[in-house]
Protein chains: 2
Amino acid sequence: MRTDPDLDDLDRRLLGLLQRDARRPLHELGDEVGLSPSAVQRRLKRLRASGVIRAEVAVLDQRALGVGLGSVVLVALVDDDPARHAAFRDRLRAEPAVQQCFGIIGQWDYVVLLLSRDIAENRELSAELFGPGTGVHRYETLPAYETVKSGLALPLQPPRPR
Amino acid sequence: MRTDPDLDDLDRRLLGLLQRDARRPLHELGDEVGLSPSAVQRRLKRLRASGVIRAEVAVLDQRALGVGLGSVVLVALVDDDPARHAAFRDRLRAEPAVQQCFGIIGQWDYVVLLLSRDIAENRELSAELFGPGTGVHRYETLPAYETVKSGLALPLQPPRPR
DNA sequence: GCCCCGCGTGCAAGATTCTTGCGTGCGCAC
DNA sequence: GTGCGCACGCAAGAATCTTGCACGCGGGGC
């Protein structure tokens with residue numbers, strides 16, 4: 001899994017293509033980077049096995065699924081008790097409405113991307129996840145009115161000498 | 001594109017499976033939901049054409065690509081000039097290191113997910129994107145020390161009567 | 001300098017998967 | 001009751017994926 005993933009330029013170009021569309025046939029990818037389908041196939045196999053490609057997933061449309069409101073929630077827990085933090089994280093991981101969550105440094109402990117149908121549902125979810133009895137000291141909701149950029153695409157800079 | 005996306009339970013189950021792994025063969029998906037491969041295929045075709053499935057993409061490993069530091073940046077521009085905001089958004093969209101960005105309501109204007117190799121690169125990127133001459137009034141960087149949950153999976157609740 | 005070996009490649013055959021025309025059955029409106 | 005629309009399963013053909021094989025290139029070791 002964690003073998004030796006030093007990627008050459010061809011790997012990076014293939015990854016760039018796959019980050020936009022993972023359904024392109026091998027011969028198309030090969031044409032773009034100048035490789036035969038089987039060479040592409042072997043590189044992808046290696047990239048998948050080594051864990052560089054973690055998954056290939058479908059990206060769905062929020063509106064079609066009734067997600068009308070996204071919001072960024074900043075959360076601070078009542079103390080630094082590791083068990084409390086672990087429980088909090090587990091709860092967020094289990095909640096489908098929590099799309100993403102990061103532990104951060106500063107006056108807040110976590111930043112949470114919360115998806116909900118509307119403001120009412122957002123309130124319910126917030127109360128359930130961050131309200132009394134959840135170990136949350138305080139939280140601040142930043143409603144998103146516009147998605148400027150979304151996606152999980154990673155920057156594919158070559159390892160620039162510095 | 002925007003036709004008639006009322007999804008039944010089978011659609012939702014298929015979408016749930018595809019959000020985890022979009023490479024499963026049709027017969028496997030069919031076995032899970034109790035449908036023939038061709039029935040699954042036709043549903044996917046419809047979901048893709050109607051835009052419910054926006055894309056199928058590869059999810060890459062941050063460490064393997066040298067992304068050592070993620071951070072959440074809260075940004076406020078100097079004023080509400082639409083042209084200034086448009087220019088700011090365009091700049092973020094064009095920057096690969098910006099993984100996500102949302103326009104938000106409150107004392108901040110935007111929340112940005114910024115990916116960088118290390119703290120030094122983070123500083124460079126911050127200066128370039130948010131520093132003097134960029135129209136940014138002030139910004140606050142919240143470094144992420146842990147990814148609790150990441151992904152773009154959407155909640156697939158059935159349309160519950162309320 | 002020459003040989004050997006490892007590694008990635010292209011080619012091609014076989015296996016798997018996808019795609020689609022066709023006929024059937026079910027539910028609903030008339 | 002009948003007709004129609006819609007989704008389904010089946011099966012054949014097309015497209016794609018997978019892998020064994022031989023070749024060429026480059027880096028040591030002798």
Side-chain angles (χ1 to χ4, degrees), chain A residues 1-61 64-66 153 156-159 161, chain B residues 1-61 63-66 156-159 161:
Chain A
M1 177 68 87
R2 183 102 298 106
T3 50
D4 187 13
D6 43 7
L7 312 170
D8 63 12
D9 187 57
L10 287 175
D11 288 326
R12 247 179 295 273
R13 288 171 63 191
L14 288 173
L15 293 173
L17 294 172
L18 291 178
Q19 281 196 122
R20 309 191 105 266
D21 184 359
R23 285 184 65 78
R24 309 269 305 271
L26 297 174
H27 66 86
E28 276 191 31
L29 300 174
D31 287 348
E32 296 238 14
V33 304
L35 279 178
S36 73
S38 52
V40 174
Q41 145 76 6
R42 270 183 277 256
R43 280 172 180 264
L44 298 193
K45 186 177 182 180
R46 184 170 56 83
L47 292 169
R48 286 193 258 256
S50 68
V52 176
I53 297 177
R54 291 179 48 196
E56 282 140 283
V57 304
V59 180
L60 308 186
D61 184 75
L65 294 172
L156 292 173
Q157 319 144 7
Chain B
M1 178 70 85
R2 184 101 296 107
T3 51
D4 188 13
D6 42 8
L7 312 171
D8 63 13
D9 187 58
L10 287 175
D11 287 327
R12 248 180 294 274
R13 288 171 63 190
L14 288 173
L15 292 173
L17 295 172
L18 291 178
Q19 280 196 124
R20 309 191 106 267
D21 184 0
R23 285 184 65 79
R24 309 269 306 272
L26 298 174
H27 67 86
E28 277 191 31
L29 300 174
D31 288 347
E32 296 237 15
V33 304
L35 234 43
S36 74
S38 52
V40 174
Q41 146 76 6
R42 270 183 278 256
R43 280 171 180 264
L44 298 194
K45 186 176 182 180
R46 183 170 56 82
L47 291 170
R48 284 194 260 256
S50 68
V52 176
I53 297 177
R54 290 179 48 196
E56 281 139 282
V57 304
V59 180
L60 308 185
D61 184 76
R63 283 173 305 177
L65 294 172
L156 292 172
Q157 317 144 7

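Letters go in sequence order (proteins before strands), and every chain restarts at 1. Predicted model, so just to flag it, every value in this text is computed and none were measured.
- The CG atom of B/Leu29 sits 12 Å away from the C1' atom of C/dT17 (whole-angstrom rounding).
- The phosphate of D/dC17 (OP1 or OP2) has no side-chain N or O of A/Gln41 nearer than 4.0 angstrom.
- If you find the closest nucleotide of DNA chain D to A/His27 and to B/Gly34, the one lying nearer the 5' end belongs to B/Gly34.
- The nearest whole Å value for the distance from the CG atom in B/Leu7 to the P atom in D/dA7 is 13 Å.
- Going from atom CG of B/Leu10 over to atom P of D/dC8 covers 7 Å, rounded to whole Å.
- Look at B/Glu32 and B/Arg24 and you find a salt bridge, because one of the NZ, NE, NH1 or NH2 atoms lies within 4.0 Å of a carboxylate O, short of that distance.
- Using a 4.0 Å cut-off between charged nitrogen and carboxylate oxygen, B/Glu56 and B/Arg23 do not count as a salt-bridge pair.
- Closest to the side chain of B/Arg43, out of C/dG10, C/dT17, D/dC8, is D/dC8.
- Contact detail for B/Ala22 and A/Ala58: the closest heavy-atom pair is CB-N, 3.8 Å.
- Computed from coordinates, the B/Arg24 CZ to C/dC18 C1' distance equals 16 Å when rounded to whole Å.
- For the pair B/Arg42 and A/Pro37, nearest-nucleotide mapping onto DNA chain C gives the more 5' position to A/Pro37.
- Proximity note for B/Arg23 (side chain, C-beta onward) versus C/dC18, D/dC8, D/dT18: the nearest is D/dT18.
- Taking only distance into account, the side chain of A/Arg46 never meets the base of C/dG8 through a donor-acceptor pair shorter than 3.5 Å.
- One can place CG of A/Leu26 at 12 Å from P of C/dG10, the figure rounded to the nearest angstrom.
- Listed candidates were D/dG9, C/dC18, C/dT9. Nearest to the side chain of A/Leu35 is C/dT9.
- Below the 3.5 angstrom threshold, one finds a donor paired with an acceptor across the side chain of A/Ser38 and the base of C/dC11.
- An OP1 or OP2 oxygen of D/dT19 is reached within less than 4.0 angstrom by a side-chain nitrogen or oxygen of A/Lys45.
- Between B/Arg43 and B/Asp8, at least one side-chain N (NZ, or NE/NH1/NH2) sits under 4.0 Å from a carboxylate O, which counts as a salt bridge.
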